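Quick notes on the structure that follows.
Keep in mind that what you see is a predicted model, and the values were worked out from it rather than measured. When reading the values below, keep in mind they use all heavy atoms of this one structure, side chains included, and skip hydrogens, waters and symmetry mates.
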Amino acid sequence: MVVGRPWSMQRTESGLQQGSTDGQSTTVQNNGQPRMQPTRTLSSDHLEGLLTSPSMRSLASMIADTPRSDISMMSLEPHPTFVEAWRCLRKAIIRFRDIPVGTIAATDPSEEALNYNQVFFRDFVPSALAFLMNNEPEIVKNFLKKALRLQSNWEKRIDNFTLGKGAMPASFKVQFDATRNHDVMMADFGESAIGRVAPVDSGFWWIILLRAYSKSTGDHILAETPECQQGIKLILNLCLSEGFDTFPTLLCADGCCMVDRRMGIYGYPIEIQSLFYMALRCARGMLKPEGDGKELIERIEKRLQALSFHIRSYFWLDFEQLNKVYRYKTEEYSHTAVNKFNVIPDSIPDWVFDFMPMKGGYFIGNVSPARMDFRWFCLGNCVAILSSLATKEQEAGIMDLFEERWQDLIGEMPLKIAYPALENHAWRLVTGCDPKNTRWSYHNGGSWPVLIWLFTAACIKAGRPHIAARAIELLEARLAKDHWPEYYDGKLGRFVGKQARKFQTWSIAGYLVAKMMLEDPFHLGIIALEDDMKVKAPMSRSASWTF
């Protein structure tokens, strides 16, 4: 028996139809209250095969078997936190010449604005998804178009050096120019950022969001415009350029993504590799083959195949693989080497042996010559599931790890951005004694509510919505009462972060997206990608391919 708010699928002449069993579906009005409207009809092409995938076919029975307490959020009456979240999200909307173009990072009235009054690309993604799921796509369309203008028309100079043409800004702000008597936009490509690091992830998030907009609205015209096609090509040419690197992964500086301060993620961080893979797949589906598009699509195909092989083979760690690394021999030479990156077994940190369960696994933080960063990073692993970079077995392993290590990764406030925290000498050495990244705080093992939307989407795709429901229940008990903090401190995430902004917009939007996605799993189709059969072709490899 289905409890809470049931949903159903039925085949119609025009495609797949979804909604509640009474023929209506719930959407949120502009004031945050739910409204009942006729069931939406979605084509199978629109959902890109998600609804016929094994994980989605089993989802109805999964929800039916979920305990009432785990899906109490699916009731017809919206939770007070849900209503409050919509009010706060709308308060964060920023306008450019009376047109909504994004949401500012935070609206905390008790703190100086600094750069929190800007629209950050990565921050806006959950806001954009919330608006798309609520049938309010205009603000997302405006953001996508304004981002293109900033990419193509802005001088990207830091001191005497100019960034690549395809670079997208980390953020932009809107301010009134009294001389011109109208609003102007000011972009930041890293020249104002702490550490002066350009964002690698902004362009990837833009491509992913462009696809989400197209899938949600059915409007493919925007992606097909010459401006969007050129924007995609500029981003891809920047990250697909050939150089001296022998790996298909993308070489990055520290602080280039959500972990935007020095945390030892330089090299090939899993967050960037997962986003890179997802952006490549999204771009391939939107690029037109005319002109140089065909050649670029071919380059994408080759890179996807190499990238998926590399990540699935060398970044994956479970109990069996950990035991192999533990027994590595070093100083091996030639293509027959087992320890290809010459990792010294003594460099394996002690915590890994206790953390790794017999059942479960994850993509480690980084792999490069003589280095394996064994830390667990939430965003990279969740995006690996959403993009289908993870195989079905790896997808299940990541979910198993969440369940086996619930206290470590979820705790009392979901979710840990990274695990474990750097302490003592390691903290001093890796972070440069960063006082904001002390142990179990901020990027160093802090708990970030925004990650709930990625976690929920990954759980639904993996066929385990009950795990997400349990995490949302924890978050819902405190987040609004604590005034929507940016992050929480402590090993279990019990304390509001010592320097956390309140009324943090992506904490608000992340909760809304998770809530709406769990209530209506068909929303998953605008962000997730099913298995890509094109990258499953066998590759030639040495007999010692595992590491």
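In this structure, Asp188 contributes its side chain and Glu191 its backbone to a donor-acceptor pair below 3.5 Å. For Arg262 (side chain) and Asp254 (main-chain N/O), no donor-acceptor pair under 3.5 Å exists by modelled atom type. Panel note: side chain Glu271, backbone Met258; a donor-acceptor pair is recorded below 3.5 Å. Between the Thr456 side chain and the Ile452 main chain, a donor and an acceptor come within less than 3.5 Å of each other. A donor-acceptor contact shorter than 3.5 Å links the side chain of Gln229 to the backbone of Met286. Lys156 contributes a side-chain N or O that, together with a main-chain N or O of Lys165, makes up a donor-acceptor pair within less than 3.5 Å. With Arg299 contributing its side chain and Leu240 its backbone, the two residues share a donor-acceptor pair below 3.5 Å. At distances below 3.5 Å, at least one donor-acceptor pair connects side-chain atoms of Asn237 with backbone N or O atoms of Lys233. No donor-acceptor pair closer than 3.5 Å links the side chain of Arg122 to the backbone N or O of Ser202. Side-chain atoms of Trp484 do not come within 3.5 Å of backbone N or O of Thr505 as any donor-acceptor pair.
Counting heavy-atom neighbours within 6.0 Å of Ile221 CD1, excluding the residue itself, gives a total of 12 or less. Within a 6.0 Å sphere centred on CZ of Phe176, heavy atoms belonging to other residues, nucleotides or ligands number more than 12. Within a 6.0 Å radius of CG in Asp159, no more than 12 heavy atoms belonging to other residues, nucleotides or ligands are found. Enclosure of atom CZ in Arg97 by more than 12 non-hydrogen atoms of other residues, nucleotides or ligands within 6.0 angstrom is indicated.
Considering CZ of Phe363 and CD of Gln394, their distance stands at 4.0 Å, rounded to 0.5 Å. Rounding to the nearest 0.5 Å places CG of Leu454 at 10.5 Å from OG of Ser274. With rounding to the nearest 0.5 angstrom, the SG atom of Cys252 is 6.0 Å from the CD atom of Gln273. Interatomic distance, CG of Leu210 versus SG of Cys228, reported as 5.0 Å (0.5 Å rounding). Note that the CD1 atom of Ile194 and the CZ atom of Arg261 stand 4.5 Å from one another [nearest 0.5 Å]. Taken to the nearest 0.5 Å, the CG atom of Asp531 stands 4.5 Å off from the OG atom of Ser388.
Counting only heavy atoms from C-beta outward, the side chains of Leu89 and Ser127 approach each other to under 4.5 Å. Under the 4.5 Å side-chain criterion, counting only non-hydrogen atoms from C-beta, Pro465 is in contact with Leu518. Between Ile460 and His523, the closest side-chain pair of non-hydrogen atoms is not below 4.5 Å. Side-chain contact check for Lys416 versus Cys378: every heavy-atom pair is 4.5 Å or farther apart. The shortest distance between side-chain heavy atoms of Leu287 and Leu236 falls below 4.5 Å. The closest side-chain heavy-atom distance from Phe315 to Leu389 is not below 4.5 Å. Tyr213 places a side-chain heavy atom less than 4.5 Å from the side chain of Leu144. Between Ile272 and Cys256 there is a side-chain heavy-atom pair separated by less than 4.5 Å.
Proximity of the aromatic rings of Trp205 and Phe120 is defined here by a centroid distance below 6.0 angstrom, and this criterion is not met. A centroid separation of less than 6.0 Å is found between the aromatic rings of Phe143 and Phe121.
The nearest pair of heavy atoms linking Met263 to Arg375 is O-NH2, 2.9 Å. Scanning both residues, Arg180 and Val184, for their nearest heavy atoms gives NH1-CG1, 3.8 Å. Between Gln151 and Leu234, the shortest heavy-atom contact is NE2-CB, 3.8 Å. Closest approach of Ser387 to Met278, counting heavy atoms only: CB-CB, 3.6 Å. Closest of all the heavy-atom pairs between Cys282 and Arg211 is SG-CD, 3.2 Å. Asp183 approaches Phe96 most closely through the heavy-atom pair O-CE1, 3.5 Å.
Between Phe247 and His310, the two ring planes are tilted [angle within 30° to 60°]. By the 30° and 60° cut-offs, the orientation of the rings of Trp448 relative to Tyr442 is tilted. Classification of the Phe204-Phe276 ring pair by plane angle, with boundaries at 30° and 60°, yields parallel.
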| said: For a ring pair (Phe, Tyr, Trp, His ring centres under 6.0 Å) check, start with the C-alpha distance between Phe455 and Phe402, then their side-chain angles and the critical distance, and finish with the verdict. | reply: CA-CA 10 Å; Phe455 176 65; Phe402 273 118; 4.7 Å; yes

| request: I would like to know whether Leu386 and Leu524 meet side chain to side chain contact (heavy atoms under 4.5 Å, CB included); could you show each step before the answer? | output: CA-CA 9 Å; Leu386 292 180; Leu524 182 66; 4.2 Å; yes

| task | I would like to know whether Leu250 and Tyr268 meet side chain to side chain contact (heavy atoms under 4.5 Å, CB included); could you show each step before the answer? | result | CA-CA 6 Å; Leu250 204 60; Tyr268 308 92; 5.9 Å; no

| Derivation of the side chain to side chain contact (heavy atoms under 4.5 Å, CB included) call for Ile94 and Val101 | CA-CA 6 Å; Ile94 192 75; Val101 292; 4.0 Å; yes

| said: Thr103 vs Asp123, test: side chain to side chain contact (heavy atoms under 4.5 Å, CB included). Steps then yes/no. | reply: CA-CA 8 Å; Thr103 52; Asp123 291 42; over 6 Å; no

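Comment: Glu138 does not engage Lys141 in a salt bridge, judged by the lack of any side-chain N to carboxylate O separation of less than 4.0 angstrom. For the pair Glu227 and Lys145, the salt-bridge criterion is not met [side-chain N within less than 4.0 Å of a carboxylate O]. Remark: Arg90 engages Glu136 in a salt bridge, criterion side-chain N to carboxylate O under 4.0 Å.
With no hydrogens or angles considered, no side-chain donor-acceptor pair links Tyr116 and Gln504 at under 3.5 Å.
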